[in-house]
Amino acid sequence: MKLKDGFDSNYRYILVAARRARQLSSGATPLVDTSARKPCKIAQQEIDAGKIQFIVNSKAEGPAVVDASKPEENK
């Protein structure tokens with residue numbers, strides 16, 4: 001698997017995609033127009049479209065997935 005742009009490792013890409021897929025399966029609205037029905041595929045398409053950003057908090061917590069289409073309000 002080729003390293004995705006913006007990610008330091010394939011492992012981090014998988015973690016971010018998995019976390020976003022969990023959000024989608026819990027009822028989050030997809031950020032891209034897609035015909036895909038599976039949360040994992042939708043998460044991959046969102047990452048490829050640049051709609052998902054991530055923040056690394058600490059090793060214990062893992063990456064936090066942030067919706068890139070909304071500006072941060074608490075800055």
Side-chain angles (χ1 to χ4, degrees):
M1 182 174 173
K2 184 180 175 185
L3 189 62
K4 294 280 188 176
D5 291 335
F7 289 91
D8 58 344
S9 68
N10 288 331
Y11 181 71
R12 187 166 320 277
Y13 171 78
I14 297 299
L15 290 177
V16 171
R19 175 134 330 158
R20 180 61 183 155
R22 278 189 226 108
Q23 290 175 350
L24 290 165
S25 65
S26 295
T29 305
L31 301 174
V32 294
D33 292 329
T34 180
S35 61
R37 297 173 51 101
K38 295 183 179 183
C40 290
K41 184 64 176 174
I42 297 170
Q44 288 176 333
Q45 291 173 349
E46 289 178 344
I47 292 169
D48 291 342
K51 301 286 185 177
I52 301 296
Q53 295 177 345
F54 67 96
I55 301 168
V56 179
N57 293 331
S58 69
K59 289 183 181 181
E61 291 182 27
V65 177
V66 179
D67 181 350
S69 64
K70 297 179 185 175
E72 291 187 35
E73 298 171 0
N74 295 332
K75 277 193 168 180

Any idea which heavy atoms bring Ala49 and Val32 closest together, and the distance?
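Residues Ala49 and Val32, closest heavy atoms: CB-CG1, 3.9 Å.
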Have a look at Ile52 and tell me which of Arg19, Gln23, Arg20 forms a side-chain contact (heavy atoms from CB on, under 4.5 Å) with it.
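The option that passes is Arg20.
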Pairs under 3.5 angstrom only: tabulate donor-acceptor contacts from the side chains of residues 33-45 to other protein residues two or more places apart or in another chain.
unit_1, atom_1, unit_2, atom_2, d
Thr34, OG1, Ala36, N, 2.9
Thr34, OG1, Gln45, OE1, 2.5

Run the side-chain hydrogen bond (donor to acceptor under 3.5 Å, both in side chains) test against Asp48 and tell me which residues pass, sequence neighbours left out.
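side-chain hydrogen bond (donor to acceptor under 3.5 Å, both in side chains) list for Asp48, sorted by chain: Lys4.
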Please indicate whether Asp8 has more than 12 foreign heavy atoms, meaning atoms of other residues, nucleotides or ligands, lying under 6.0 Å from its CG.
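Result for CG/Asp8: enclosed.
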Determine whether a donor-acceptor pair (N or O, by modelled atom type, separation under 3.5 Å) exists between the side chain of Glu46 and the backbone of Leu31.
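Indeed, once roles are kept as given, a pair shorter than 3.5 Å links the two residues.
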Where does the angle between the aromatic ring planes of Phe7 and Tyr13 fall among parallel (under 30°), tilted (30 to 60°) and perpendicular (over 60°)?
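The rings of Phe7 and Tyr13 stand perpendicular, inter-plane angle above 60°.
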